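As the structure is a prediction and not an experimental result, all values here were calculated from the model.
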Amino acid sequence: MEQVRMWRAPGEGRVLLMAGRTTRYAVDPRGEYVFGVVGGEPMRSWRGREKRVVRPGQLVAWDPSYAHSGRSVDECRPWDARLMVIEVADLAALAEDAEADPLADVLFPEPVLSDPELAAGFLRLHATLEAPSSRLEQDERLVEWLRLLIDRTSSIRSARPPITAHDGRALQRAFEYLADQPERNVGLDELAGVAGTGKFRLIRLFRQRTGLPPHALQLAHRIRAARRLLEAGMSIAEAAEATGFADQSHLHRHFQRSLGMTPAEYQHRFG
């Protein structure tokens with residue numbers, strides 16, 4: 001690829017992220033999946049003997065079954081792409097759940113997908129893994145998007161277990177864990193383990209009971225804790241570090257979104 005950035009999100013080393021522009025590429029996958037969204041210009045793709053045109057806004061989901069390559073429709077006009085590369089074992093660990101059958105080989109018979117919801121979800125996920133964000137938010141967006149992709153488009157299907165009385169106790173344990181230590185960079189697997197339930201079920205319970213995913217409740221706890229520290233006169237940078245935000249700008253962004261004012265404005269008004 002030309003003019004391409006590559007990185008791994010802090011705390012999520014299982015996912016390789018790429019973004020940039022190119023006029024051609026070729027991949028011989030060695031046990032890896034490649035997901036991405038094309039932008040700007042279309043591209044021609046080849047997988048085995050299959051030929052396709054991938055248009056801006058379409059999502060690609062290349063499984064490891066065949067080598068694939070691509071070229072711009074017009075050699076002088078590169079396309080934009082945001083990509084995510086995940087190894088087979090890591091995809092299984094991320095997308096399977098303790099209460100569902102284990103994932104084996106996940107195949108995508110049609111690798112070029114015209115699904116605006118999946119494409120938009122991928123771009124939101126990619127942006128989350130690029131910007132400062134909590135481990136819990138990264139995990140949630142990643143596993144939910146992968147599960148949705150697999151359920152909609154692959155040959156793998158999983159049953160969704162019904163909600164039971166046990167779920168109330170599991171949800172309460174998760175609530176208490178997040179409230180007791182909002183500054184910790186808790187992952188979704190850890191939170192599900194504390195709750196004693198599967199991670200997908202836990203997200204589902206959170207959304208049904210609170211209307212929010214787990215990371216949003218964690219964020220609310222962090223903002224409340226930061227408010228108390230700011231009220232006590234702590235500096236914004238120190239309050240951000242003490243409450244689990246990546247940095248001062250991370251606190252600033254979420255504080256303003258939640259309260260309609262910056263941390264500095266809040267501190268000034270409170271004083």
Side-chain angles (χ1 to χ4, degrees), residues 7-17 32-37 59 61-63 82-108 113 115 117-161 163 167 170-171 173-175 177-178 184-219:
W7 71 96
R8 293 185 188 272
E12 186 45 85
R14 295 170 291 186
V15 177
L16 175 64
L17 299 152
E32 293 180 332
Y33 292 86
V34 180
F35 307 107
V37 171
L59 176 75
W62 304 112
D63 60 50
R82 283 186 170 267
L83 301 172
M84 181 170 68
V85 182
I86 307 178
E87 294 184 12
V88 169
D90 290 331
L91 183 136
L94 287 164
E96 72 183 6
D97 188 43
E99 299 181 4
D101 292 335
L103 293 176
D105 295 330
V106 179
L107 300 177
F108 299 98
L113 307 169
D115 188 319
E117 183 182 357
L118 278 175
F122 175 84
L123 293 175
R124 287 193 297 270
L125 167 62
H126 208 275
T128 297
L129 295 175
E130 183 176 15
S133 55
S134 69
R135 175 69 183 273
L136 188 56
E137 182 177 6
Q138 292 176 6
D139 285 355
E140 284 172 24
R141 292 192 185 278
L142 182 57
V143 302
E144 282 193 298
W145 185 82
L146 285 172
R147 192 74 251 183
L148 180 62
L149 172 72
I150 290 168
D151 287 345
R152 280 194 182 182
T153 64
S154 81
S155 56
I156 301 297
R157 294 290 184 272
S158 62
R160 175 178 289 184
I163 300 298
D167 296 321
L171 194 59
R173 286 192 290 267
F175 283 169
Y177 196 70
L178 292 178
R184 286 198 58 243
N185 204 14
V186 177
L188 185 58
D189 285 326
E190 178 182 348
L191 186 62
V194 168
T197 190
K199 57 192 177 187
F200 294 100
R201 180 183 288 246
L202 183 63
I203 294 173
R204 181 182 172 198
L205 290 172
F206 263 81
R207 291 190 184 279
Q208 287 188 343
R209 181 68 61 85
T210 70
L212 301 170
H215 85 269
L217 183 62
Q218 181 191 55
L219 182 61

Checklist line | Among Arg204, Arg124, Arg207, salt bridge (charged side-chain N to carboxylate O under 4.0 Å, His left out) partner for Glu144 | finding: Arg207
Next item on the list: Could you check if a side-chain atom of Phe206 sits within less than 4.5 angstrom of a side-chain atom of Leu178, using non-hydrogen atoms only?
Entry: yes
Note to self: Donor-acceptor check, side chain of Ser133 to backbone of Gln138, threshold 3.5 angstrom: yes or no?
What the structure shows: no
Next item on the list: Would you please test Leu113 and Leu149 for side-chain contact (heavy atoms from CB on, under 4.5 Å) and show each step?
Entry: CA-CA 10 Å; Leu113 307 169; Leu149 172 72; 3.8 Å; yes
Note to self: Counting C-beta onward and ignoring hydrogens, is there a side-chain heavy-atom pair between Met84 and Leu16 closer than 4.5 Å?
What the structure shows: no
Notebook entry, point to check: In Å, rounded to the nearest 0.5 Å, how long is the span from CG of Leu205 to CG of Leu171?
Noted result: 5.5 Å
Next item on the list: Could you tell me the separation between the NE2 atom of His215 and the OG1 atom of Thr128, rounded to the nearest 0.5 Å?
Entry: 7.5 Å
Item checked: Student check: side-chain heavy atoms of Leu125 and Leu142 closer than 4.5 Å -> yes
Notebook entry, point to check: Distance-only, no hydrogens or angles: does the Lys199 side chain make a donor-acceptor pair with backbone N or O of Leu191 under 3.5 Å?
Noted result: no
Check: Where is the tightest heavy-atom contact between Ala174 and Leu202, given as atom of each residue plus distance?
Finding: CB-CD1, 4.0 Å
Check: Checking salt bridge (Lys or Arg N to Asp or Glu O under 4.0 Å) for the pair Glu190/Arg135: CA distance, chi angles, key distance, verdict?
Finding: CA-CA 11 Å; Glu190 178 182 348; Arg135 175 69 183 273; over 6 Å; no
Margin query: So which atom in Leu129 and which in Trp7 form the shortest heavy-atom distance, rounded to 0.1 Å?
Written below: O-NE1, 3.4 Å
Check: Would you call the rings of Phe122 and His126 parallel, tilted or perpendicular if under 30° counts as parallel and over 60° as perpendicular?
Finding: tilted
Check: Any side-chain heavy atom of Glu130 sitting closer than 4.5 Å to one from Leu17?
Finding: no
Checklist line | Polar side-chain atom of Tyr177 near backbone of Val186 as donor-acceptor pair, under 3.5 Å | finding: no
Margin query: Show the nearest heavy-atom pair for residues Leu91 and Phe35, with the distance to one decimal.
Written below: CD1-CZ, 3.7 Å
Check: Between the main-chain N or O of Leu136 and the side-chain N or O of Gln218, is there a donor-acceptor pair closer than 3.5 Å?
Finding: no
Margin query: Test side-chain contact (heavy atoms from CB on, under 4.5 Å) on Leu118 and Leu148; report intermediate values, then the result.
Written below: CA-CA 8 Å; Leu118 278 175; Leu148 180 62; 3.8 Å; yes
